[in-house]
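The structure appears right after this line, and notes come after that.
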Amino acid sequence: MIDLVLDILSWILLILGGACVLIGGIGGLRLPNFYARIHAASLTDTMGTILIFVGMMLQAGLSLATLKLFAIMLFLLLTGPTATYALANTALLSGLKPDAGSASDELEEDEPK
Amino acid sequence: MDLLAHLPALQVVVPMLSAPLIVLLQPRGLAWAGATASALVSFAIAVTLTLAVLDGQTLEYAMGGWPAPFGITLSVDALTALMLLIVTGASAIALLAAKPSIDQQIELERQPLFYSAWMLAMSGLVGIVVAADAFNIFVFMEISSLASYILIAGGPDRRALPAVFKYLMMGTIGATFYLIGVGLIYMMTGTLNMADMEARLGDVTDINPVLVAAGFITIGLALKAAVFPLHVWVPNAYTHAPHMVTVFLAACATKVALYVLIRFDYMIFQAALVDHQMQFALFAMPLAILGILVASAVAMFEGNLKRLLASSSIAQIGYILLGASFVSIAGLSASASHLFNHALAKGGLFLAVACLAYQYRDLRLSQLGGASKRMPWTCAAFVVCGLSLIGVPGTAGFISKWLLINAALQSGPWGWALVAIILVSSLMAVVYIWRIVEALYFQPPTEEGDVVAEAPLQLLIITGLVAILNIYFGLFPQVPLELANSAASLLWEGAQ
Amino acid sequence: MNLLELLGYFNYWVFAIILTVGLYAVINKNNLIKKLIGLSIFQSAVFLMYITMDKVEGGTAPIIQEGVEGQIFSNPLPQVLILTAIVVGVSTLALGLALVVRINECYGTIEENEILDAD
Amino acid sequence: MTAETAILMAIIVPLFGALAIVLAGRISPNLREAATAVTSISLIFVVWGLLPTIMDGGRPAIEVSELMPGISIAFKVEPLGMLFAALASGLWLINSIYSVGYMRGNKEKNQTRFFACFALALSATMGVAFAGNLFTLFLFYELLTLSTYPLVAHKGDAATVRSARIYLGVLLSTSIGLFLPAIIWTYSLAGTGDFVDGGILAGKLNDPEIGLLLGLFVFGIGKAAVMPMHKWLPAAMVAPTPVSALLHAVAVVKAGVFAITKIIVYVFGIDFLFDAPSSQWLLYVAAFTIIAASVVALRQTNIKRLLAYSTIAQLSYVIMAAAILKPLAEVGASLHMVAHAFGKITLFFAAGAIYVASKKTEVQQLRGIGRRMPWTMAAFTIGALSMIGVPPTGGFVSKWYILAGAFEANNLVAVFTIIASTVLNAAYFLPILYMAWFEREPAGGKEHGEAPFLAVLALCITAMLTLAFFLFNGPVIELESQVLSGVSE
Amino acid sequence: MIFVFAVFLLTLLVITAIAIVRAKDLFVAVMLTSIFSLLMAANFFILDAADVALTEAAVGAGVTTVIFLCALSLTDDREKPREGSRWIAFSTVGLLALLIIYATFDKPRLGDPEAPVHQHVAPWYLEKTPEYIDIPNVVTAILGSFRGYDTLGEVFVVFAACIGVLFILGVSPARKTKEVPEKDSGLRHHLIPQVVGRLVIPFIVLFGLYVQFHGEYGPGGGFQAGAIIATGVILYALLEGEASALRAIPRSVLLGMVVGGALLYGGVGVACMLLGGSFLDYSVLAADPVVGQQLGILIIEAGVGMAVCGALLSIYHAFAARERLS
């Protein structure tokens, strides 16, 4: 009984997480300019990560695997946003003006320095 | 276990472990001394091993005590011994002579790395020679290749770099092809030990992968051995490398790959691929002949001394392959002895070139005027080695030419045509060697005038020694011939 | 032919395709770094071939747990070989890149044809 | 000193001589010349010391090293070789005396290299003379080619280097392209290449191939200058005269005909060859060469080139005599080897002396030179007469024997050739003599006297030898008859 | 299920490969290469090759990318368009592909337990490892002992690469830490990466050590550990800047690690010889051969770890210390 509930729950989480990742991906492709895109990307590595990992933990139940998964999640939660920050920062330093709604920076955005 | 039993392992381990130690030798000259010492030691080991296998026995050594095919084994037989002599001998001689030339070409602070790379190259080549395990050959092939890239990259001018890059590309592709071939064979036999492969390939039913494997291994090794159409990396690499490196590599590097190729084709595929004779007659022989003729022709019109000799090396590789492609004992022993004699002749020639380069910046023939006045001994040595390369009687080169022609005569209806080709190419050799000799002797001297300014004594003595060896082995070739013959019969048994 | 068999062929074909793609880059590209990238692809294709052949139906990674009986293990040998091969690959790559850097310093370009013109 | 060591000494002495010359050359010219003289004298002692042994029918032999089963470096002294060696070593001494005079008179450069290579060439010649099998013969044959190359290219200017290239090209390519295959063929047929009385090929080979193999040998041995392989000899005339004198009148060219004779006698075997019709062509080729070369010689204006073509003709005399394959003719062959050696070296010496004294190289310039250089021209006359074959000179004797052999074999081609060539020889030598002695010197010619003393001395000695050989040719016939007795039984 | 996934991954692999070759921007190409390696690693994992997967992830995706980026920062990261026909290349590689595919049709099918690969040698390893060496990870057993000689060779390949890069880039091992201009003083003025990095690096190193010493039991071993620790230090260098990284671990120490690791491995082999065994025969290291084997493997893995870590770091520094050519 409880297993079933856990299973369903975990699947829901997994699917949601998958959805987040998917949305993040689509956003990364479709959004007009760089800063908007990294928002989408950040969605992937925060929300997506959390949901999927929790789902998987539920799948694994209480075991060494869970612990490992938790560690990995922690790690991702630390690194992901940092990477995003670094990216945005570099973009700013390399003279990319945050100017919402314009697709003007396409050119530079092709070559992140 | 007594020392002799350990020698096959020590042959590889001594130079290998000396490499890291040499890196630590900073003070002037010590690195050179260390490298030379270790090269001499391994040459001594090679000689001992040769004496041990002269009576036709084979030494086996199980690494880590694990029996074949589970562990990696080393095996030393007559052919191996011959190659060991060539590799360690070339390395020792080159190193003995090297110091002045290297000091001239490479900054002191980079020398420890350089000599350590030299040791690695040598241990890699030796490792390939003694290995009895297909994958182990790959590993040591990579060691030797990486090390030789480093050595060549030490060349004086910037053109060395693209040359090395090309060599690196083609070398890696060759090694990877070899790896694919070995993988396919492993897939069909489940073993990596070469003797075991031979045994088990016999009862492989689906022949396709084996055929493809044979193709990959042959192409891969041919790339490394600079067999004719795949030789494009050689001229630049040899031309722009440091002179002593050219001495070392030209004497043995490509030959080792060729040795592996012959071993594979005779020992392993013979059992699996029926009508080996045909296969050879169809592929190897035309390539060999083309290589001989084309490369000699190129050499005839080449203006740069080192590049000229490099092209002639390609032609000589053709000779060795040609001998093997007769698929007869006579042909094989001709190849084996030519392995030795060409190493001797070409090594001597490049040593002489190193001496010349000590006085002449520019090694184009047109710039070498009056060399015979300035460096008489060097030029004399050069002439002697050149005659040996041509195959004039009384020099080492003649022995293998004679054997090769005999083998060609016995090789069936086309024998005379082959003899004709060999003779024609010899005449081409006469032409390109004589172009150099005339440049050295009968060209108006350059502005330096004709004061005697010889290369350093160390370099000169070794060069002269090699020249004398060329004559000695032309008059008393018994030992190498004995090795070559037993090697040939060994391969022949493998082929039957 | 069952799914596994199809996958087997598929693996080998992917190996062939990646191999050729890599080799194509090596042969046809002018940019030296691109050549090196192609070379690394070329090599990893071979890794795929080796690893493909070590798979055993229903097998697991060759790590023997205590007390578990009758497991099937995949073939450890190709894995060992490829461990070696990977390291060899990266070593070659490092050396090649070092060369490229020096070439760029000496010639001011890393395009092969321009280098050939330079000499 | 046993005979065996004597053989080795004969080859080693000049080698060390060369070394000594190089070292001495560093110190002083005189020391170098002394080294040359010492070497040549000691060589004569070594070689002529062997003579008695051979006369008593001894055949000392020695094997140095066996390279491959059946193929070894071995030496064996037999009458022909003995004759050749004695001739070469003897004339070397005279020639070195002459060279000193000539080289110094001309102030040539690189004299050290010159004398050193000369010694090397002599060592190679000894090797050819004493070779015990085909392989050894080939070895020293090539060595001779290579050691004479620097002598030919001595002057070092572009034209010289070009002719030297022809010299080397013809000799090497014929030897590698034809001689070597012939040797290998012989080895694969007979399993050995040793020189044995009566030949080694008897019965191993049937008719058409015999002619082919013989052809490979004859044309492969380019040094014999059988047409069309003769081009190198005129080319070699760019060398200093001593070289032309000793090497291209005696050592090198004689090495060629000597090798051919030796191969005919000891590899094929006279009787075996006589029964093989397909070997007849050799006679005709030789005959053709004689006539053709003489005709060409008629039209030469440069003295040395004229002598060169005359040499080509005279060499073919020897070959033709050998090819008649009759004992008397064989005797004639070896007699002619000696006679021509004496005569031709005299002529070259004279030509060189004229060049040193007056820098004259053309026939037309010789008008009335007889008055200025009586000794030289006297010697020249004797040499010329010997070439034509007028008694009392050595040339007469040898021609006599050859003719006798030709009649014995009633071989009319040979007879006709000899007569015709004699006429031709007269036709190109007599005008020179007439010009030299009886015509007036054109006015305004530069004053000059005799050549340096040493040169004149040398050429007088050889002229004397030419005359003496008319009477004292006993030992040669003695030796030759030994060869024939060895063959006939 | 898993096979569908495999097919998916493989397809992705092919697509990535083609994308890499087509990409004109080398930076993009390098990033894609790193992704390619990750996909490859995933494939390896599906095919039961845990160790290889770990190595490919650490070396292929991690270190290789870093070195590539170093090289890119020193050269030009745009590829010039290439004129001229490409049909020769196409036909060559096409021929090659056909050749291989032709070969595949006689290959034993994937996973066939009867395939010769699984018959001859491999079962012996699986069955004898507990008896002779008695460590769970058969791969490590083979790597360390049965084919230890190959691994020795491999270490020397890494060594060769290290001295090669040092030699070619002309950075002498003797010279002490060469002063690096302030411009590349890392991200010291960026707070967040600083903090996070400081937080993460210890764990990376710790994980590296775990992989190193857990190699006998689980996937992992010297190479992977070396690579992971190296990446940790490289991250430190990125954060704190070259100079401080070199202050922490100077070049001489790195070179010492390389040399030491190589010598340690070789030394074990020689020691075995001296103790009467054959080269690399660890059984003689202890009274009980099995213990001896385990001891030997432990030591040589340590040597491998040292050598690889040192080599990768020296290579990184050799590149990073170089001025960009304007």
Side-chain angles (χ1 to χ4, degrees), chain B residues 69-70 72 117 120 133-136 138-143 145-150 152-155 157-193 209 212-213 216 220 236 239-240, chain C residues 12 15-16 19 22-23 25-27 29 32-33 35-36 38-54 75 77-78 80-82 84-85 87-89 91-116 118-119:
Chain B
F70 310 111
I72 298 171
L120 283 178
D133 180 285
F135 188 80
N136 191 239
F138 166 76
V139 174
F140 279 83
M141 200 184 279
E142 282 303 322
I143 295 183
S145 312
L146 284 180
S148 19
Y149 306 150
I150 302 170
I152 296 174
D157 63 354
R158 64 177 193 174
R159 279 169 303 173
L161 297 166
V164 181
F165 193 81
K166 195 181 196 91
Y167 182 16
L168 183 138
M169 280 295 163
M170 300 194 72
T172 314
I173 292 177
T176 315
F177 271 26
Y178 173 81
L179 191 58
I180 296 173
V182 171
L184 290 171
I185 297 179
Y186 172 63
M187 181 181 291
M188 304 316 288
T189 61
T191 180
L192 289 168
N193 181 283
V212 177
F216 272 112
N236 279 332
T239 308
H240 301 306
Chain C
Y12 288 125
F15 149 67
L19 191 77
L23 193 59
V26 174
I27 295 174
K29 292 295 176 181
L32 299 183
I33 289 188
K35 275 179 182 285
L36 281 173
L39 199 65
S40 63
I41 296 176
F42 177 71
Q43 285 176 313
S44 36
V46 183
F47 307 160
L48 183 61
M49 178 191 111
Y50 270 79
I51 298 303
T52 306
M53 76 171 91
D54 85 336
N75 186 345
L77 188 49
V80 176
L81 306 184
I82 289 316
T84 310
V87 178
V88 169
S91 311
T92 316
L93 201 66
L95 207 56
L97 282 171
L99 282 170
V100 173
V101 170
R102 291 275 287 114
I103 289 177
N104 186 48
E105 290 175 358
C106 294
Y107 289 80
T109 172
I110 52 171
E111 301 288 325
E112 194 173 35
N113 48 359
E114 296 175 5
I115 292 168
L116 292 183
D119 281 339

Salt bridge (Lys or Arg N to Asp or Glu O under 4.0 Å) partners for C:E111, two or more places apart: none

C:L32 portion near chain B, given a 4.5 angstrom heavy-atom threshold: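 When you check distances to chain B, atoms from both the backbone and side chain of C:L32 fall under 4.5 Å.
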
Segment of C:A45 engaging chain B (4.5 angstrom heavy-atom cut-off):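 The answer is neither part of C:A45.
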
Would you call [X] and [Y] a side-chain contact if the rule is heavy atoms closer than 4.5 Å?
X      : Y      : value
C:L77  : B:L192 : yes
B:F138 : C:L81  : no
C:M53  : B:Y186 : yes

Distance in Å, B:L146 CG paired with C:T92 OG1, rounded so as to fall on 0.5 Å steps: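 One gets 5.0 Å once the value is rounded to the nearest 0.5 Å.
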
Gap between atom CE of B:M187 and atom CG of C:D54 - 0.5 Å precision: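 Reported to 0.5 Å precision, the distance equals 10.0 Å.
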
Sidechain-backbone polar pair: C:Y50 side chain, B:G183 backbone, donor-acceptor under 3.5 Å: yes

Residue selection (most heavy-atom pairs with chain B, distance under 4.5 Å) from C:V26, C:L39, C:N75: C:L39

Closest-packed option against chain B by number of heavy-atom pairs under 4.5 Å, given C:L36, C:V100, C:I115: C:L36

What donor-acceptor contacts under 3.5 angstrom involve side-chain atoms of residues 167-182 of chain B, with partners at least two apart or in another chain?
unit_1 : atom_1 : unit_2 : atom_2 : d
B:T172 : OG1    : B:L168 : O      : 2.5
B:T176 : OG1    : B:T172 : O      : 2.6
B:Y178 : OH     : B:A134 : O      : 2.8

Nearest non-hydrogen partners of B:E142 and C:V88, listed with the distance: CG-CG1, 3.3 Å

For C:G96 against B:F165, the heavy-atom pair lying closest together: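 What the structure gives for the nearest pair is O-CE1, 4.0 Å.
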
